Every structure is written in C-alpha cells, then in structure tokens.
Amino acid sequence: MLKVVVVVGVPGVGKSSVLAVATKKLSERGYRVRLVNFGDYMLEYLRKSGVVKSRDQIRSLRLATQLEAQKVAARDIRSEFEALPGDRVIGIVDTHAVIKTQLGYWPGLPLAVLQELKPSVIVVIEASPDEILSRQLRDSGRYRADLSSRETIEELLQINRYYAIASSVISGAALRFIQNSEGCVEIAAEELIKVVEEI
Amino acid sequence: MLKVVVVVGVPGVGKSSVLAVATKKLSERGYRVRLVNFGDYMLEYLRKSGVVKSRDQIRSLRLATQLEAQKVAARDIRSEFEALPGDRVIGIVDTHAVIKTQLGYWPGLPLAVLQELKPSVIVVIEASPDEILSRQLRDSGRYRADLSSRETIEELLQINRYYAIASSVISGAALRFIQNSEGCVEIAAEELIKVVEEI
Amino acid sequence: MLKVVVVVGVPGVGKSSVLAVATKKLSERGYRVRLVNFGDYMLEYLRKSGVVKSRDQIRSLRLATQLEAQKVAARDIRSEFEALPGDRVIGIVDTHAVIKTQLGYWPGLPLAVLQELKPSVIVVIEASPDEILSRQLRDSGRYRADLSSRETIEELLQINRYYAIASSVISGAALRFIQNSEGCVEIAAEELIKVVEEI
C-alpha cells in the first residue's frame, strides 16, 4: 500500500532540513521511504529532450513546455513509487505549491500534475516571516532577490496557502500545515512523521 | 428540472436549524424537497462494505477508503435526487467544504465529489466567531475539542471560505455566503430559500 | 504558436483602458492580437439559441443555461484564436474571475471554461479600493449598486484573488497581478505586454 506525500513550502521555511530528519527516522522505523525532488525530474526530462542544459534555463521556457515537463515528471515519480516493493512504502515529493517568478505565480501542483501524482496528503511547511527572512539572509546565494522584504514574505505565505488549498480540493488529498520554528526541526519532523503514518 | 443545493458550514454556525426551517417552508410553498446528510451516505456505504460499524470509525480510515466512500455517497445522492418525480424538485445536501481533523484539513467537496453531485449552488452558512463559540459551549458534547479558541474559529472560517471558493471554481456552481446571526434563523432561512428559488 | 491571455478584474479597476493601450502597442510591435470580450460570445450564443434578447437577461437565466453558454463561448473563442494565421498570435480574453450578483458569486473561469480556453496566463488587474470607488462614482451608470462601499470593494478584491488562484491551479496557467494606479495606465499596459511577450 503506497502513500504519496507531497511536501511544499516557500523558500526559507527550512523544508529540506525537516525532510532530511523525517526521512531518516521513517526509514529507521521500518518504512521504505523514497524522497524525490520534483524539479530534478522536470530537469531530467527537459535535458533528455534536449530542451535545456541547466536548471536555470527552465524558468525561461515557454509555459506550454514547462507544463509538459511538469506532467511527465509527475508521471515518472508516481511510476517509480509504484514500482517500490514492500507494504510500507512512502513516496515523498519535495516541491512547491506555487513558484514566484519575475513574470508571476506559477502553480506547482495544477490539476494535470495532481491527476498523475495522486497524493494522499499535501503538507505545507511554514515558518514566521522573521525566521524566513533570517534564513534567507544567512543563505543568500540560494534565494531569489524578490524574497527580500517582510511584506513580500507575508504575502507569499498567504498566496502559498491559497494555492495549497486549491490543490487539496482538486486532488481530494488532505492538507496539513506544519510550523518549523527556529531550532525545532525535530518537532516539525515528528509532526510530519505522525501525519505520514496515520493518514 | 432538478436543482442540487450544497449547504456547508463549520461546526457551530447553526446550519441544521437554518436547513430545518428552510426545508419546511420550501415544502409548504409546493417544492418537492429532499434534504440529505452527506455523512450518512458515506456511513451507509462503509457499513454495507463491512469497513466500519460506527460513524466514529470513519475518521480513522485510510484516506483512499474515505475518498472512495465520498465518491460513492455523491453518486448515490445524485441518483436519488434524479429519481424524484415532479418538476419543482430541490435536492439539498448537508455537508462540509472542509473537515478539520487531528491530522489536517480534509476537503469535503473535492473534484471527484463535485463531478458526481453537479451542484447548482454552494451555500456557506456563517456566523460570528463569538456566536459560534457560545453555541459550541452550550452544546459541547457535539463539538470537537479543537474548536475551542476564538482564533481557531476565525482561522477555520477563513479556511472554510477558501475551500468553498475552490469547490465553486471546480464545479462551476454559484457560491453564496449567508450569515446566521443569533436569534435570526428565520432571516437566514429566507435568504437560503430565495437563492434556491432563483438560482 | 498561439498564446491565450485571460485578463480579469473587478468593476472599476480600469481593465478596459489597460487592454486598449496594451493591445494597440502589441499590434505596433508586430504581434497579431485579437481581443475578445467573453460576455459578448455568451450573449451571441444565447441570442442565436433564442434564449435571450439582451445582455441584461443573462443574469436571470438558470445556472445550467449560463454554464452551457460559458462553455460554448470558451470553445468558440479558442477556435477563433486557433484559426488566426501567423506565428506571433496573441488571443486576449477580457472577462471576470468572479461575478458578484444579488444571488451570490458566480465563477467566471470554472474548470469547464478553462479546459476549452487553455490559457497560458491569467492576468488580474487590480487597483486600490479608493481608486475603484472614485472610478465607480465618476461612471456610476456602468456599475452595479452592490459595489458602493469601501468594505464591499475590499472584500470583492480579496474574493477575486482567491477565485483567480483556484482557476490558475485548475488550468496550470501562470497568474499575474498588475496594479493599475490612477494616471498610470501606460505602466500597467507595459507590465501586461511584458508578461504576454515573455510567458
């Protein structure tokens, strides 16, 4: 019995740390866990198709091409999850509910993607705007320049919630918000584990 | 000509009272009204399938089973409505746009349910957080413990709106918010009747 | 290569002015631009079917009839766009994410419409509540009475955002908010042009 868990969060909430801890613990508790990054699968498809050479080029593609890559990535991920042996299989997808670009917001979990992924639950990792801001400053190389003011972060957190809710209604998946407070990554990871186990 | 009206609201808004008054009045005005509780149909399906014995057990089911039960319930309700004779038939579904559980939010009107129900309108019964709180205190046996603070209720009212809007966009149904203020159940019922008659 | 751009906005944001400027400039820059009003296509279909004689009668139609007209309008618009010759074709649809009526909110871009239109991007033209209010007062003949208070406008702007986000998730289209500040229609139009060119 496969459970697909989609984990989203705006840049700077500490999603990767929570996922690293949760994945390790779930494996220790006897689950067969496979954690994949959605963007990696999109990139792989676009590279194989000869469309791009690097990740940076994806954002400048035509929307139709990006949508096709999203759909194929979702299908590939679901297939890979379904091929995993065992009866305690958990497929975790590290992705975004919405991606903010210079041109606008881009849905990370549109209908076409959800119909392929068939997630059991969408988990939204959140943090306070101040914590997000300080994580971004610490790690400024990783983040986009447009995420610099407190107001922008607050707005993005709100928009992110609306996007996640729409994706939940489209897919029928449950939706869970988890706060990742500074220094409490273990607590956030335990909350995620509980959701994954009980959903 | 069948009209399907979906009525939702968070626990404590007084949805049942509004529905009781509106249903009685619509019948008196010559409509053939059938009011069904969505959860009853889910429970009936799950009982028949031998999956659960009581309503309390539904929440602990795997999400995939719950989704299947939701879909079957929606199909059964629509079939029952369509079988009603006459030309002034109104099917009213008492349900939720979103259900808050220990594990997270669960969509009550996802795409799969809406494609079966084909509602003409989604009506959201609302009340002020204070009124909801006092109704919950008066009738504490019926409500879940997680609905106890004013902030939690305010948040749930907001989330409920977002869920209802997403369900409206998916289904193409109109969306109406109706305030059910303390002591004014007749007014709320009349507003509901007007929507049902004119939509 | 056809790009379909859906432009929405609540009454009074100055959508028509932005569209007029943007359409003219895009044509001057060598694009084949076709700007259509969604409501006109609905009206044309309903007139041909003998259902209504004037635009005012549309709002009093049964929801099922309106939904059918929406779907046909979307299909007709897409077909017309696809028939345009050339390789720099831009189809712009002037419409609404949500329409407020006496009976409730009515989705302008439900799933059934989006599946036909297949937009690349949904652009939401916005303005401050005060600017919207003063535009409505200046041009009071054009606007519905229900848009008269500042609070009502603020709420409608919010609801409009939620509707647009849900439509973005359903369609996979990008979503862009553009502020049309008083006296700055050229700036708003340039932002729209940039989105249209680069998406």
Side-chain angles (χ1 to χ4, degrees), chain A residues 6 8 42 57-74 95-117 119 122 124 146 151-152 155-173 175, chain C residues 1-8 81-82 87-91 97-98 107 109-126 157-179 188 190-199:
Chain A
V6 170
V8 299
M42 282 184 70
Q57 295 174 289
I58 295 182
R59 293 270 166 92
S60 56
L61 290 174
R62 301 294 283 273
L63 199 73
T65 314
Q66 290 192 41
L67 286 174
E68 181 59 24
Q70 274 187 306
K71 204 171 165 176
V72 173
T95 189
H96 296 278
V98 61
I99 297 150
K100 191 182 181 180
T101 73
Q102 291 282 337
L103 290 175
Y105 295 102
W106 187 47
L109 296 169
L111 175 59
V113 165
L114 294 165
Q115 281 174 335
E116 300 289 343
L117 276 185
I122 298 168
V124 183
D146 53 8
E151 288 69 33
T152 315
E155 187 179 73
L156 188 56
L157 282 168
Q158 272 301 317
I159 299 261
N160 191 54
R161 284 201 150 207
Y162 307 148
Y163 267 91
I165 287 172
S167 293
S168 156
V169 180
I170 290 168
S171 62
L175 180 65
Chain C
M1 173 77 193
L2 166 67
K3 283 192 233 182
V4 174
V5 179
V6 170
V7 181
V8 300
F81 286 167
E82 282 180 354
D87 60 349
R88 298 179 82 200
V89 183
I90 292 164
V98 62
L109 296 168
L111 175 58
V113 165
L114 294 164
Q115 280 174 335
E116 301 290 344
L117 276 185
K118 302 184 196 79
S120 295
V121 60
I122 297 168
V123 176
V124 183
I125 308 291
E126 296 185 320
L157 281 167
Q158 271 302 316
I159 299 262
N160 191 55
R161 284 201 152 207
Y162 308 147
Y163 267 91
I165 288 172
S167 294
S168 156
V169 180
I170 289 168
S171 62
L175 180 65
R176 174 60 180 270
F177 299 103
I178 292 179
Q179 287 297 314
E190 280 299 338
E191 278 189 55
L192 176 55
I193 289 165
K194 195 170 184 298
V195 171
V196 170
E197 285 189 304
E198 299 190 10
I199 213 95

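Residue numbers begin at 1 in each chain, while the letters A, B, ... track the order of the sequences. Not measured: the values here are computed from a predicted model.
Minimum heavy-atom separation, C:K194 to A:L103: O-CD2, 4.1 Å. Taking every heavy atom of both residues into account, A:P110 and C:G172 meet most closely at CB-CA, 3.6 Å. Summarising the geometry of C:M1 relative to A:A64, their closest heavy-atom pair is CE-CB, 4.3 Å, with the distance given to 0.1 Å.
In this structure, no portion of C:K118 lies under 4.5 Å from any heavy atom of chain A.
When the candidates C:V123, C:I170, C:I178, C:V195 are compared by the number of heavy-atom contacts under 4.5 Å with chain A, C:I170 comes out ahead. Between chain C and the options A:A112, A:P107, A:G104, the largest number of non-hydrogen pairs under 4.5 Å is found for A:P107.
Distance check, rounded to the nearest 0.5 Å: CD1 of C:I199 to CH2 of A:W106 gives 10.5 Å.
Side chains of C:L114 and A:L111 form no contact here, defined as non-hydrogen atoms less than 4.5 Å apart. Residues A:Q102 and C:E198 have side chains not in contact (no heavy-atom distance under 4.5 Å, counting atoms from C-beta outward).
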Sequence neighbours excluded and cut-off under 3.5 Å, please list the side-chain donor-acceptor pairs for residues 161-168 of chain A, or say none.
residue: A:R161; atom: NE; partner: A:E126; partner atom: OE2; Å: 2.9
residue: A:R161; atom: NH2; partner: A:E126; partner atom: OE1; Å: 3.0
residue: A:Y162; atom: OH; partner: A:Q158; partner atom: OE1; Å: 2.8
residue: A:Y163; atom: OH; partner: C:S168; partner atom: OG; Å: 3.0
residue: A:S167; atom: OG; partner: A:L109; partner atom: O; Å: 2.9
residue: A:S167; atom: OG; partner: A:Y163; partner atom: O; Å: 3.2
residue: A:S168; atom: OG; partner: A:A173; partner atom: O; Å: 3.0
residue: A:S168; atom: OG; partner: B:Y163; partner atom: OH; Å: 3.0

